[in-house]
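Below, chains carry the letters A, B, ... as their sequence lines are ordered, and counting in each starts from 1.
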Protein chains: 2
Amino acid sequence: MGLAERKEREKAELRELILDAAKRILLKSGQEGLSIRKIANTIEYSPATIYLYFKDKDEILHELMEMGFTLMNKFMTKAYEEKDAVKRIYLIGKAYVEFGLEHKDWYDLMFNSDKPMKHIEKCMEDWDAGMAMFNYLASTCKEAMLSLQMHALEERILALQLWSCVHGLVNLAHTERLEIVERNQTKELVSKTLDTMFLSIFHK
Amino acid sequence: MGLAERKEREKAELRELILDAAKRILLKSGQEGLSIRKIANTIEYSPATIYLYFKDKDEILHELMEMGFTLMNKFMTKAYEEKDAVKRIYLIGKAYVEFGLEHKDWYDLMFNSDKPMKHIEKCMEDWDAGMAMFNYLASTCKEAMLSLQMHALEERILALQLWSCVHGLVNLAHTERLEIVERNQTKELVSKTLDTMFLSIFHK
DNA sequence: AAATTAAATAAACAGTGTTCATTATATTTG
DNA sequence: CAAATATAATGAACACTGTTTATTTAATTT
């Protein structure tokens with residue numbers, strides 16, 4: 001049945017076309033500027049057609065979120081290669097913030113949006129790319145704690161501490177708060193804070 | 001001229017009425033559910049009337065943001081009273097996170113929104129309540145660093161480190177990420193991370 | 001009472017996500 | 001090949017959003 005196959009391929013192709021248009025609009029105009037109607041316009045279909053391929057806008061945003069994680073993982077491959085766990089954490093933190101600062105729209109979708117996952121029950125599956133990242137960080141924390149003899153500390157809490165700090169930093173930068181604290185110094189503030197933070201955790 | 005005065009008072013009263021309605025809607029339906037038309041409905045005026053008292057929606061959001069800071073300052077009075085600088089920082093951090101978790105809508109307006117202040121030039125004035133808070137934290141950091149003999153560290157960077165961590169934590173909680181990491185454990189995760197963070201900075 | 005000033009509004013514009021009955025296009029059957 | 005059926009695409013509507021402008025209503029001054 002090469003016919004049914006072709007049908008399915010065509011359906012998948014249009015789905016991909018929609019996602020590709022969505023991605024392009026996201027990169028050009030941000031999440032604010034991304035609308036079903038704009039997607040429909042750029043691929044020259046009617047808005048209603050989109051709903052034959054996606055349940056709603058949230059589903060599209062969710063797919064974009066997963067694209068974002070793929071992109072971020074590429075960003076992090078270098079850091080992942082580092083053998084020393086402590087250094088690896090540092091490199092991961094650097095890469096995380098670098099990605100966040102450079103790709104605000106992707107970052108928001110991945111870490112600030114509750115749109116792509118409304119129901120907490122579904123969250124575990126819907127955010128498994130993010131969860132995988134966190135678990136990897138936690139295991140690296142465990143390794144680092146072992147090598148530095150930092151007992152009496154849960155690796156997941158340490159991971160959360162690291163995550164909170166970089167997440168907070170990226171968001172403060174995104175919303176211009178760092179620009180208010182010190183004008184035209186955002187990048188330097190980020191880098192200094194990051195270094196201080198690592199020093200204070202892995203003292204010395 | 002008691003007449004012009006009454007006029008002005010009436011104008012101020014309607015302005016206050018609008019803000020009060022806006023506040024009530026914000027608390028009931030969040031920032032998403034807050035619209036000019038809903039404000040107009042609840043005070044029984046037409047939407048266009050709102051624009052005789054406010055330039056645009058952003059100006060209303062900005063006023064709400066300032067209300068939020070007043071509320072937050074009340075939340076922090078106890079912490080401010082603490083004499084010991086290190087303990088004070090700890091109490092401020094606790095109060096900050098508590099406020100953030102309990103008042104998501106206010107918090108978003110104050111720390112996540114770039115709507116109430118679009119132009120960076122105007123930011124300094126438009127976010128002076130936030131800036132005042134940061135400056136106070138920084139000066140407390142200076143005091144704490146002095147008492148703990150932590151030299152070779154800028155107080156503003158330490159303040160940023162603290163702020164990033166609590167800001168990140170609050171946002172991760174708001175967007176359900178902590179719920180994903182460990183279900184029904186958000187409050188405990190926050191509290192543990194916060195404690196670990198203070199320990200690591202002001203080591204033991 | 002008439003003229004002027006100030007306040008409030010109706011209506012429109014250009015958007016948004018989403019749904020559904022209708023139309024157009026393929027595919028399958030007689 | 002033509003008719004019946006299944007699939008895909010859409011136009012139009014609904015209920016919203018922020019904002020502007022010409023018009024109407026109300027209050028004040030002459």
Rounding to an integer number of Å, can you tell me how far B:Y51 OH sits from C:dA7 C1'?
18 Å
Nucleotide N/O to protein N/O under 3.5 Å, stretch nucleotides 7-10 of chain D:
residue	atom	partner	partner atom	Å
D:dA9	OP2	A:Y53	OH	2.6
D:dT10	OP2	A:S46	N	2.9
D:dT10	OP2	A:T49	OG1	2.5

Which whole-number value in Å describes the distance from A:Q31 CD to C:dT16 C1'?
14 Å
Distance (rounded to the nearest 0.5 Å) between A:K192 NZ and B:L160 CG:
10.5 Å
Roughly how many Å is it from CG in B:L17 to P in C:dA8, rounded to a whole number?
11 Å
Is a donor on one side and an acceptor on the other found under 3.5 Å between the side chain of A:N73 and the backbone of A:F69?
yes
Which atoms form the tightest heavy-atom contact between B:G68 and B:F99, and what is the distance?
O-CZ, 4.0 Å
Do other residues, nucleotides or ligands put more than 12 heavy atoms under 6.0 Å from the NZ atom of A:K57?
yes
Pair A:E188 + B:R156, salt bridge at N-O below 4.0 Å
no
Lys/Arg-Asp/Glu bridge criterion (N-O < 4.0 Å) met for A:E32, A:K104:
no
Roughly, in whole Å, what's the span from CD1 in A:I60 to C1' in C:dG17?
11 Å
Quick one: list whatever passes side-chain contact (heavy atoms from CB on, under 4.5 Å) with A:N112, sequence neighbours left out.
A:Y107, A:D108, A:H167, A:N171
Please list all pairs passing the salt bridge (charged side-chain N to carboxylate O under 4.0 Å, His left out) test where one or both residues lie in residues 132-146 of chain A, with sequence neighbours left out.
A:R88-A:E143
Could you run down the sub-3.5 Å N/O contacts of the protein with nucleotides 13-15 of chain C?
none

Could you give the angle between the helix axes at the two ends of the helix from C:dA1-D:dT30 to C:dG30-D:dC1, with five pairs per end, rounded to 10 degrees?
30°
Side-chain donor or acceptor of A:E179 paired with backbone N/O of A:N184 under 3.5 Å
yes
Can you check the B:E32 CD to D:dA15 C1' distance for me, whole Å?
16 Å
Results of side-chain contact (heavy atoms from CB on, under 4.5 Å) for A:Y90 - residues two or more places apart only:
A:K94, A:D195, A:F198
Is it the case that the side chain of A:W127 and the backbone of A:M110 share a donor-acceptor pair, with hydrogens and angles ignored and the cut-off at 3.5 Å?
yes
Rounding to an integer number of Å, can you tell me how far A:I36 CD1 sits from D:dC16 C1'?
16 Å
Atom pair distance, as rounded to whole Å: CZ in A:F54 and P in C:dT19:
15 Å
Rounded to whole angstrom units, what separation is found between the CD atom of B:E59 and the P atom of D:dT19?
11 Å
